Amino acid sequence: MDYIFTFKKYSPFSLYTLLKFWLGITIFVFPNLKKFFYIYSCKSSKKTSPLCLPISSFRLYLFYHIKMNKKIYFDNASTTKIDKRVLKKMFYYLNNNYGNYSSNNYIGLKIKKKIDKIKIKISKLLNCKKKEIIFTSGATEANNLAIKGFAFSNEKKKNFLTFNIEHKSVLNTYKKIESFGHKVFYLKAEKNGIYNVKKIKNKIKNIKIDMISILWVNNEIGVIQNVKKIGKICKNNKILLHIDGTQALGKINIDLLKNNIDFFTASAHKIHGPQGIGFLYKKKKIKICSEIQGGGQEMNLRSGTLATHQIIGLGKAIEISIREIKKNNKKIKKISKFLVKNLIKIEDTKINGSLKNRIPHNINISFGSVEGESLMLKINNISLSSGSACNSSSLEPSYVLKNIGVPIYRIHNSIRISLGKYNSIKEAKYFINKIKKSLKELRKISPLWDMYKNGISIKKFSNEI
Amino acid sequence: MKYNKKVIKLFKKIKNSGNIKKGYLIGTGIVGSPACGDVMKLQIVINKKFIIKKARFKTYGCGSAIASSNYLTKIIIGKTLKQVKKISNIEILKYLKLPKIKIHCSILAEKVLKKTIENLFHKRK
């Protein structure tokens, strides 16, 4: 009895199969019936019928659907996808060579040779000496080591100079140093985010300054500073120059000797390398004291066992990024030009920071009367970063945009798009279509958009309430 | 920011948004400022028996602000003004399970409700 029933069920003219067939076709034609289709697919996958034309059509549809809903990574300024060539080398060393760098046995000596080779490779690529490179856990630790190490190297109180749109790892260490009696002067950046060299000259004339800290490429607005000019001023006035090059490495050409740089910091995970490794370049003549005491590795400046596989990953990542710098920049320039051209066309949008002196990887844009965090929630499959307060754990909006004079209501609207070598123009096209759609939806429910349309300025409104 | 599933559901399925132009008695209220990052606008219509017939919101702000105002309109409709006056931010907070930093979103929703009711009585006089 059961057999007959099942036979009837799957026969080509039974109601069940006909329903299946027509359902498949209707959903293939009208892809908006997503939800219904998911339930249907679960049922059909358990029972395998001989006539499964609708299922094949469903699979085609699913393939199409997944391809459209894929995840896009536009947050390369925070961290990047690891390169496969780097990963391959790291795996090899994790599997086979498990020795300690500072032990004197066979494997230890082998690793010592390898790490020395990597140091030579990095020094050749950046134009410095082998003994001037110190491996740390990242750029933050490297910045701490450079600033604190120099400040506490002797008992003399020192004067420092920075700008107010520097990275937090520099600004907060200076805050700590100030409590120990050192003096720190903060200069204001221009409205386009670029540092004025004349301001530095004026400051130097009045006060004797020991060290200047400068972010080569800003992490939020991607502006490139004129390090060559500042380096010359520093050399003439005998001032040390500390440069945070985390965002600059692999994106612009770097020459440490020619630019008269004394401290340089960078990390691997911004250039498609592993997380948790970075390095500090320090000129040989300068004496600094260590922050971490221990076994005396890295010329007694950063104790702790060296992470072999990560250092190998760092070396490979730097080598790849510098060798392919032209090819990658050409590709990314194309994408960013396309994005900027299409994003500006949207009503009430503004790009933050100068467009001239900027790396092509970074676009910081604010869309009027739409909150950045809600926009990010709306386009969930595209990872971006926002300057609004809601996104971060603290309740303050981005200090970088605030300090270059962007009004506060515009900071809440801002979004940072940062491109990498794995992005493509196809993704950019998809992104623009999606952002236009979600902007329309969010502006529909925004009271500020009504005001903008009626001609009431939001500036006045923010003062009233 | 990691949100509860309910917040995301309410954020994606927005029901009662828009403006009201016709009705027996309309009350409107706006709370917040664009400098803080959240602006909420609520409009309600009551009939002669003081029952809320319609409620529409418009919100500019983060996901939790939009979700909490959406939830607020869901609760309000069909209730009398006396019942509505008792609604506090704790009720919204308990349902949405907002993280600690986002408590101000639920407080804002409560403030909007009180302001609109105030506006209603003001018009009646």
Side-chain angles (χ1 to χ4, degrees), chain A residues 35 348 366-380 385-398 401-402 406-415 438-454 456-465, chain B residues 1-21 28-43 55-73 98-105 107-108 111-112 115-116:
Chain A
K35 259 202 170 169
D348 196 18
S366 46
F367 302 102
S369 57
V370 169
E371 233 263 357
E373 200 249 9
S374 62
L375 189 65
M376 273 167 63
L377 251 183
K378 203 87 193 173
I379 34 175
N380 227 349
S385 150
S386 166
S388 84
C390 293
N391 203 33
S392 56
S393 51
S394 66
L395 271 173
E396 271 183 27
S398 153
L401 296 177
K402 203 175 165 186
V406 179
I408 293 176
Y409 67 88
R410 277 240 179 253
I411 298 172
H412 286 292
N413 304 338
S414 72
I415 263 181
S438 44
L439 271 177
K440 231 182 204 176
E441 283 173 34
L442 283 171
R443 278 174 172 173
K444 222 180 188 181
I445 61 162
S446 168
L448 300 184
W449 183 244
D450 288 353
M451 288 176 193
Y452 174 79
K453 279 282 173 189
N454 291 332
I456 302 165
S457 70
I458 293 166
K459 246 188 188 174
K460 267 187 185 174
F461 176 72
S462 61
N463 290 331
E464 278 171 15
I465 297 181
Chain B
M1 187 60 62
K2 215 180 176 185
Y3 284 130
N4 198 13
K5 269 184 188 175
K6 283 173 185 171
V7 179
I8 291 167
K9 226 180 183 180
L10 279 165
F11 173 75
K12 282 187 176 169
K13 282 194 174 177
I14 289 159
K15 266 195 171 174
N16 304 315
S17 81
N19 293 319
I20 300 175
K21 280 168 190 172
T28 55
I30 299 181
V31 160
S33 78
C36 301
D38 296 295
V39 179
M40 268 187 204
K41 183 190 163 195
L42 185 70
Q43 282 188 313
R56 292 284 136 92
F57 77 94
K58 280 213 167 186
T59 313
Y60 155 84
C62 52
S64 59
I66 291 168
S68 54
S69 54
N70 195 10
Y71 179 64
L72 182 75
T73 50
L98 295 174
K100 261 188 184 176
I101 320 159
K102 301 284 179 180
I103 290 173
H104 69 272
C105 291
I107 292 169
L108 218 66
K111 270 185 185 174
V112 170
K115 212 170 186 185
T116 43

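Predicted, not measured: the structure shown is a model, and the values here were computed from it. Every chain is numbered from 1, with letters handed out A, B, ... down the list of sequences.
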*asked:* Looking only at heavy atoms and a cut-off of under 4.5 Å, which of A:Asp450, A:Ile445, A:Asn413 has the most pairs with chain B?
replied: A:Ile445
*Kindly give the heavy-atom pair with the smallest separation between B:Ala35 and A:Ile408, and that separation in Å.*
O-CG2, 3.2 Å
*asked:* Please classify the contact between A:Leu442 and chain B as side chain, backbone, both or neither, with a heavy-atom cut-off of under 4.5 Å.
replied: side chain
*For B:Gly63, does its backbone N or O pair with a side-chain atom of A:Glu373 as donor and acceptor, under 3.5 Å?*
yes
*Report the distance from atom CD1 of B:Ile66 to atom CD of A:Glu371, rounding to the nearest 0.5 Å.*
8.0 Å
*Do other residues, nucleotides or ligands put more than 12 heavy atoms under 6.0 Å from the NZ atom of B:Lys9?*
no
*Given side chains that start at C-beta, do those of A:Leu448 and B:Pro34 come closer than 4.5 Å, heavy atoms only?*
yes
_Straight-line distance of B:Cys62 SG to A:Met376 CE, nearest 0.5 Å_ = 12.0 Å
*Do B:Lys58 side-chain atoms and A:Lys444 backbone N/O form a donor-acceptor pair below 3.5 Å?*
yes
*Atom of B:Tyr60, atom of A:Ser446 and distance for their closest heavy-atom approach*: CB-OG, 3.8 Å
*Tell me, do A:Ser374 and B:Phe11 make a side-chain contact under 4.5 Å, heavy atoms counted?*
yes
